[in-house]
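Each chain gets a letter, A, B and so on, in the order the sequences are listed, and its residues count up from 1. Everything numeric in this text was worked out from a predicted model, so none of it was measured.
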Amino acid sequence: MAHLSRRDILKLAALASGGAAWTALRSRGGSAMQEQKPNIVVLVADTMSAANLSLYGYERQTTPNLERLADRAIVYHSHYAGGNFTSPGTATLLTGSFAWTHRTVNLGGLVRRSLAGQNIFHLLGPAYHRSGFAQNIWADLLLRQFGDALDWHIPAPTFMDGWGKRIVSHSFAKDSIGAYYAIDDFLISTHPVVNPLAGSPSFGYISLLYNLSHTDVGAPDADHPYGLPTNGYYYFQNRVVYDGVRDSILDLHGRHSPFFAYFHLMSPHALYCPTRKFVDSLANVELPTKQMHPLGERINRRTLLENRKNYDEFVANVDAEMGRLFDSLEQAGVLEDTYFIITSDHGEMFERGVFGHATPLLYEPIIHVPLLVIPPGPVQRLDIRTPTSNADLLPTILSLAKMPIPSGLDGRILPGLGGEEDPERPVISVEAKEASSFQPLARVSLSMIKGTKKLTAYMGYNKSPEAFELYDLHEDPDEKRDLFLQDTVTAAHMKEELLDLFTQAERPFQPTP
Amino acid sequence: MKKRLPAFGAILPVFAVIAFLVYGWTLIVFLWKLPSWILFLTLGEIIVIFAYSMTAALLESLAITGILLLVSIILPAAWMRDVFVARGAFAALTGLGAIMLYMYRYAVIGYDFIAELIPYSLAALGLTVLVTFAAGRARFLIQSAAWFSDLVSIFLFLFVPVSLISFGVVLLRNLF
């Protein structure tokens, strides 16, 4: 070994300390660049209709906490879901496209395979730590479809209280989608409405025995007079779920920067099971009288009123949990560097003889959903009244994350977050659960909102082969007065535009001559 | 232990009857579900469901045969082993038939019918024991079991290879 003089040692020490300083500077510079990207959390409350939120003027005080949060948020007053149930609604949110493009139109469907890479997790890329959690199994299926782009897919049963009916497919880590359709949805499925006939007689029978032995799991208790909320498979308590979400966010905030987290929580989806505190907590409100629709049901007024009361109480319960979540996150300092987005995948109906959202109809209560964006730090409330869509979330999130936005998206950057208000922009919702997602949508309900006008089309139904309705949502927010045969100029323009857009969207699915 | 088991030549016809019932049910429900899957699943995804279904049908058939063999081991030879084809075939026909009837009724009536599950199951079990007992005693039933099991054995040439290929597909999808 060569002899080193004192001078050589000093030179080496200087070089080493200089190198260490350079490394430190580089890493600081790197993290400074990283710090420019904010954390983003999307919280989806399944089946939360804007029509039943006091935040948007509903007579019952269902959302005092959201109103409190709104003081520091951008509040979107005309925000629309991509469809009227979970699969299209969630897919629109995660892919930035309308349902006629992503084709997740059937119950428990997947995003068009050629479009599967166009999802928020993939597009954010590895610069973000990306996590997702969905209690709704059909939303969880979409997370499974996008699984390659997720750094942390929190399993659907994580914050549950107990099984009512087991899901086994999430144990098949490598093939959870195939296992879901084959096992959960076929071989052992005993869902009384969606899929009652199990594909395997013995395994189906064992599954029924299991269900029977677990009927007491979600039974009413002192705090849950209507029983525990359920996603159809397991029972849960919203307090536990929201605590779990809080802990997950705190964990992500402590360990990853930047991070993107998607939480799709089941409540206030049916069954409506508020805690005792919220039962009979709201004032009585009359149900507006509205005309029945030929494609609707004939559920009596009393049942509608009763269900709406339970739903409203459940919404108030969810609102309280959201308030608790935000208070604890604020205390922990998470809100200082994190965008929070609160929305829903679709709404719920208690009018025109229809209860729930298993309907071809596209009236406001079922597609008009809340959207609040809470930017980091102290911000003045901003109200946006031009129509926006859940398809806009993807480009907006990419823009906030300073990531490139792919061309050809149906969604646009939200006004208030870099986008322009455009009242002429058409916002589309699609319902086509009985149509093939691989072929032109033969039986479809379409809704186009432009400014204050809303055109709805019902096409291909036996009872109503082609019907259009036109409403002025500013003059007539309850959609009681159909203007299609009165305002013929607007009706003709909007019909032409909607059918043009529809034809354009259907082109890739038309059979080649 | 081996002495207490029926001969392979007696096990196979009973397995054939069980497989006929189980595969038949699975295939019928599969075909009933197919029109809805065609709306949103690709051909490849439907083939995957088929592979899982055929694998499950094989496992189910083997498990039910295993239960009957266990009964044969436990009971005196004259009660089950010596008349395994007749009693095994009728036990499978009655037991599985009762389960299938219940599953069908559940699908038609809905969730309220689940309350009937325990009394129905006990009644079905009683009936199965009765029929199984009678099957070993009546000459006509013994001959009928032999004739029917022989008839449906042909399906094993289709079910077993399809299931083995399906099992391979399921295994590959879950390993890689």
Check your understanding: So which part of A:Leu212 gets closer than 4.5 Å to some heavy atom of chain B, the side chain, the backbone, both or neither?
Key -> both
**Study point:** Student check: side-chain heavy atoms of A:Ile177 and B:Glu45 closer than 4.5 Å
**Key:** no
Review point. Taking atom OG of A:Ser202 and atom CE of B:Met103, what is their separation to the nearest 0.5 Å?
Key: 9.0 Å
**Study point:** Close side-chain approach of B:Phe40 and A:Val105, heavy atoms under 4.5 Å
**Key:** no
Point to revise | B:Ile154 atom CD1: more than 12 heavy-atom contacts under 6.0 Å | key: no
Check your understanding: Ignoring hydrogens and geometry, is there a side-chain-to-backbone donor-acceptor pair from B:Thr26 to A:Ser200 under 3.5 Å?
Key -> no
Practice item. Step through the shown structure and confirm whether more than 12 heavy atoms of other residues, nucleotides or ligands are within 6.0 Å of CZ on B:Phe167. Key: no
Exercise for review: With a 4.5 angstrom heavy-atom cut-off, could you sort out which part of B:Ser36 is near chain A: side chain, backbone, both or neither?
Suggested key: neither
Review point. Non-hydrogen atoms of chain A under 4.5 Å away: do they reach the side chain of B:Leu41, the backbone, both or neither?
Key: both
**Study point:** Over all atoms of both residues, closest heavy-atom pair of A:Pro196 and B:Ala107
**Key:** CB-CA, 3.6 Å
**Study point:** Part of B:Glu60 lying under 4.5 Å from any heavy atom of chain A
**Key:** both
Point to revise | A:Glu434 side chain reached by B:Leu39 side chain, heavy atoms, under 4.5 Å | key: no
Practice item. Mark yes when over 12 heavy atoms from residues, nucleotides or ligands other than B:Tyr104 sit less than 6.0 Å from its OH; otherwise mark no. Key: no
Revision key, fill the gap. Note: vs chain B, highest number of non-hydrogen pairs under 4.5 angstrom among A:Leu209, A:Thr215, A:Asn211 is A:Leu209
Check your understanding: Do you know which of A:Gly108, A:Ala173, A:Ala179, A:Ser176 has the most heavy-atom pairs with chain B at a distance under 4.5 angstrom?
Key -> A:Ala179
Check your understanding: Just wondering, more than 12 heavy atoms not from B:Arg139 lying within 6.0 Å of its CZ?
Key -> no
Review point. Take atom CZ in B:Arg105; do more than 12 heavy atoms of anything else shown fall under 6.0 Å from it?
Key: no
**Study point:** Proximal component of B:Phe50, with respect to chain A [non-hydrogen, under 4.5 Å]
**Key:** neither
Point to revise | When B:Ile46, B:Thr42, B:Val108 are compared by non-hydrogen pairs under 4.5 Å with chain A, the top option | key: B:Thr42
Practice item. Answer yes or no: does atom NE2 of A:His122 have more than 12 heavy-atom neighbours from other residues, nucleotides or ligands under 6.0 Å? Key: no
Study note, to complete from the structure: Okay, A:Arg103 and chain B: the region with an atom under 4.5 Å from a heavy atom over there is neither
Study note, to complete from the structure: Honestly, the part of B:Ala57 sitting under 4.5 Å from a heavy atom of chain A is neither
Exercise for review: Answer with side chain, backbone, both or neither: which region of B:Ile38 has an atom nearer than 4.5 Å to a non-hydrogen atom of chain A?
Suggested key: backbone
Point to revise | Smallest separation among heavy atoms of B:Trp25 and A:Pro201, with atom names | key: CD1-CD, 3.2 Å
Review point. Can you tell if the side chain of A:Asp175 reaches within under 4.5 Å of the side chain of B:Tyr52, non-hydrogen atoms only?
Key: yes
Review point. Hey, does B:Lys33 have a side-chain heavy atom less than 4.5 Å from the side chain of A:Leu197?
Key: no
Point to revise | Pair B:Trp37 and A:Phe186, ring centroids less than 6.0 Å apart | key: yes
Point to revise | Region of A:Asn195 in contact with chain B, defined by heavy-atom distances below 4.5 Å | key: side chain
Practice item. Mind listing the closest non-hydrogen atom pair of A:Phe172 and B:Asn174 along with its distance? Key: CD2-OD1, 3.2 Å
Review point. Does any heavy atom of chain A fall under 4.5 Å from the side chain of B:Tyr102, the backbone, both, or neither of them?
Key: side chain
Practice item. Say whether, by atom type as modelled, one donor and one acceptor occur between the side chain of A:Tyr181 and the main chain of B:Val48 under 3.5 angstrom. Key: no
